[in-house]
Amino acid sequence: MSETPTYEPNAIEAKWQARWQEQGTNEPDLDGATRPYYNLMMFPYPSAEGLHVGNLFAFTGADVFGRFKRMQGYQVFEPIGFDAFGIHSENYAIKVGAHPATLIPQNIANFTRQLTRMGGMFPWRNVLSTTEPSYYKWTQWVFLQLFKRGLAYKKNGAVNWCPSCKTVLSNEQVVAGACERCGSVVEARVLEQWYFRITDYAERLLNNLDDRSKMDWSDTTVMAQKNWLGRSEGADITFTVAGGDAAITVYTTRPDTLFGATFMVLAPEHPLVDALTSDVQRDAVQAYRAQAAAKDLTSRKIGDKEKSGVFTGGHAINPATGKQIPVWIADYVLMEYGTGAIMAVPGHDERDFAFATKFALPIVRVVAGPGEDASTPLAEAFTEVDAGGVMVNSGDFDGRAPLDVKSALTAWLEGEGSGTKRVQYRLYDWCISRQRYWGPPIPIIYCDDCGPVAVPDDQLPVELPLIDDFRPDDSGVSPLARHAEWYFTPCPTCGKKSRRETDVSDTFLDSAWYFLRYPNTEFNDVAFDPARTKTWLPVDSYIGGNEHAVLHLLYSRFITMVLHDAGMLDFEEPFKKFRAHGLIVKDGAKMSKSKGNVVNPDQYMEHWGADTFRTYLMFLGPFQEGGDFRDAGISGPRRFLDKVWDLVTQAIDPDCRDAEIRHEVLIKWHQSKKRVTEEVEQLRYNTAIAALMELVNVLREQNCAERTVISELVQMTAPFAPHFAEECWERLGHATTIFDSPWPTFDHDLTVENTITIGVQVNGKTRGTITIAREADESVARAAAEAEESVSKYLTGQEIRKVIWVPGRMLNYVVG
RNA sequence: GCCCGAGUGGCGGAAUGGUAUACGCAGCAGACUCAAAAUCUGCCGGCUUCACGGCCUUAAGAGUUCGAGUCUCUUCUCGGGCACCA
């Protein structure tokens, strides 16, 4: 008994990784696939630190699913790539004094090493990086598709500007109104920027979310998208300005409360402010507008909720009451939402109530709740619409329910020509301009004669020049503008000396279409080949983090819809199924560099092997909820693999093979196959692994190492521990990869025992158990139960009032 | 503030309204060993009992039900998202 090999993960893993590479095991036939399955995971941003445990958890979970689908007979395409443009790479390069173009390839090499080490089923010939000209050529092409369809436009927009770092900051880089890096107070700067008209698609983006045939998504993700889209139903109402021809249009979701509108508020930037302002108020209004303009975006939005504002001196007429009401300006009204103006109903809106209280404006009750009437004082805004209240102080509408008056009043306004019903979305257009260096240049040329001109397709890509001074400067203009040889270029239409657009595009654009490129990486003349696309898309399963629940997924859906409308794709939803994985925490806290609790997976893979580490990660908690990383627990999965290894050793030994499968093993075997199959399908990996462990325990107790059973056990461990399973499979005498073997099937009749043990309750308390035939009827069960001393002692001397018999489940006596 | 999600042994976590605590970790006892590690066997929610057993227990409280970790309401705590959206 000398030649028995022991389980040595590192040797086995290197062996199988090399073999997969040599034999192209992970590369499906992209053209000839008959049962294609596109298994997508969110590609990583290749940071200098390398993959962390959270990435590995996500990729392993997606890989387990892909390997499972493959064993179910699909040709699985499970590509990986790198999302390497963006401000993070650029800032890091500035910090370490290097160029991102040299850092990124190093990071990608390190990520590639780690992704190979973990044993992912990645087709490396289809790898992509968003920073390669061969990729971003098509990102620019995507931009131009939108430009040509009128969906890309320029407008002024405010950005966060740090005067000390001389750079535009993203919202998350602004902390409490200050620059996250240097602490300077951030200013708002207005720049002309490129936007995509995603708002045109708001309704379709919302409606498809409820269409299960197009999208089977996690509920939490659907909810997040719905909230982001923020559909509301209401009305536009026009108020004429007293003593003038001007009119102010407001948007409200509560047209029923129109009689309670006692003043109006415009956003400080509203175009009618000048016209409304009286001479007396002009100075105060000017001062307030200047003050509002100076506030940075974030502190205006989420900062101090204390109301501020100024009276313009102007008045408007409430179309319902005919009364003149004062018009104010205040920064709690946002120019970007609705019409930038509101009718203020302080009795029934918390913000308006706070404002009216602060500035002593009249508050009128127009809805009376249960037990209230028109004169009940309002200590706070009464905002309930559907709480059984009735209208009061509202003329002909008095006594009716607010919900009913909502539509009735809107209809009346429509008749008067002073209002219309309208649906409003919270979603705003997608700003894709970045005044930075490390991104794909926006492919537009400005010609004095021809205006903004698209760079012709045959001149794409507009390559990002490899310049050394890529730092942003004081001007707020992209560093690209400083390079005359790049900046000046002939107009593609008339040939006149023209200027390139110097903004680069948002990284979210890079990732909004990458899934279309993966099956087409070898094509240089098209972004995506129609035949390939028809075979592989839409994506069958997409797994990723819920931090991208809104932006990335919404932008991807939008770009797909646009390309669908352009006739280039025959589907409008890119991801048939989406599941969000959970988060790995360490000691109850999210892993982060600042907390110093980031776990580097390399050392674990080195010490335990990738297979044990993968199995551990999938076992530590529900995949869709995440879990707590505790290295003490890793020994459990390792012991499990050791036990399977030993069973394989026994199974291939002709001397100790057990030909007969005992009934107890047979049932457990089929039950395990059923459970594992169903649970892996639902990404419930932790319980699937528990089921495999239970099976192993039974096999050991029963001394069974029957070859068929062990073979199938090995197959079921394969998605979790792929190298390990390949090695076991080879030891069992197979010459081809285990991933081309069919997933084990089970016999339903063998998943249920002929005799079952059920609980017997007396008055709902479990008092004993009985073991009876599965099909036993009530009388048999009762006879067995009443013969049990532990049950009968609660029955003697009691009147049995009722017996509840749930066949095959339980028996309950109600006595007393 | 609003919208989601979650609170179960010492720990990670299982449980179609039907025997709560599967599986794993840690711990305790034993076997093997000169010894230790590894491995194997057994025990392992709390209180109570010599024991058989009894009572309690799924964040707290109420409710529905023959029966609730699971369904409903209220409260508390934690995590995530949105944040003056009219």
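First the proteins, then the strands, lettered A, B, ... as listed; each starts at 1.
- With P as the reference atom, B:U8 and B:C3 are 24 Å apart, rounded to whole Å.
- Contact check, A:Asn227 against B:A83: no side-chain N or O comes under 4.0 Å of OP1 or OP2.
- At B:C84, none of the side-chain N or O atoms of A:Lys358 fall inside 4.0 Å of OP1 or OP2 (strictly under the cut-off).
- Nucleotides B:A29 and B:A14, compared at atom P, are 31 Å apart to the nearest Å.
- Counting non-hydrogen atoms under 4.0 angstrom, A:Lys793 reaches the backbone sugars and phosphates but no base.
- Looking at A:Glu788 and A:Arg767, no side-chain N of the basic residue comes within less than 4.0 Å of a carboxylate O on the acidic one, giving no salt bridge.
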What pairs of nitrogen or oxygen atoms, one from the protein and one from nucleotides 36-43 of chain B, lie under 3.5 Å apart?
| from | atom 1 | to | atom 2 | distance (Å) |
| --- | --- | --- | --- | --- |
| B:C40 | OP1 | A:Arg700 | NH2 | 2.5 |

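- Between A:Arg630 and B:G13, a side-chain N or O to OP1/OP2 separation shorter than 4.0 Å is absent.
- Look at A:Asn686 and you won't find any side-chain N or O under 4.0 angstrom from OP1 or OP2 of B:G24.
- For the pair A:Arg767 CZ and B:U19 P, the computed distance is 15 Å after rounding to whole Å.
- One finds a side-chain N or O of A:Arg684 lying less than 4.0 angstrom from the OP1 or OP2 phosphate oxygen of B:A15.
- Between A:Val327 and A:Phe239, the closest side-chain pair of non-hydrogen atoms is not below 4.5 Å.
- In this structure, A:Glu694 pairs ionically with A:Arg675, as a charged nitrogen and a carboxylate oxygen lie closer than 4.0 Å.
- Remark: the A:Gln761 side chain and the B:G18 base include a donor-acceptor N/O pair separated by less than 3.5 Å.
- A:Ala224 and A:Ala549 make their closest contact through CB-CB, 4.2 Å (heavy atoms, listed as atom of the first residue, atom of the second, distance).
- Within the structure, a side-chain polar atom (N or O) of A:Thr766 is placed less than 4.0 Å from OP1 or OP2 of B:A20.
- Here A:Tyr251 does not reach the OP1 or OP2 of B:A86: none of its side-chain N or O atoms lies under 4.0 Å away.
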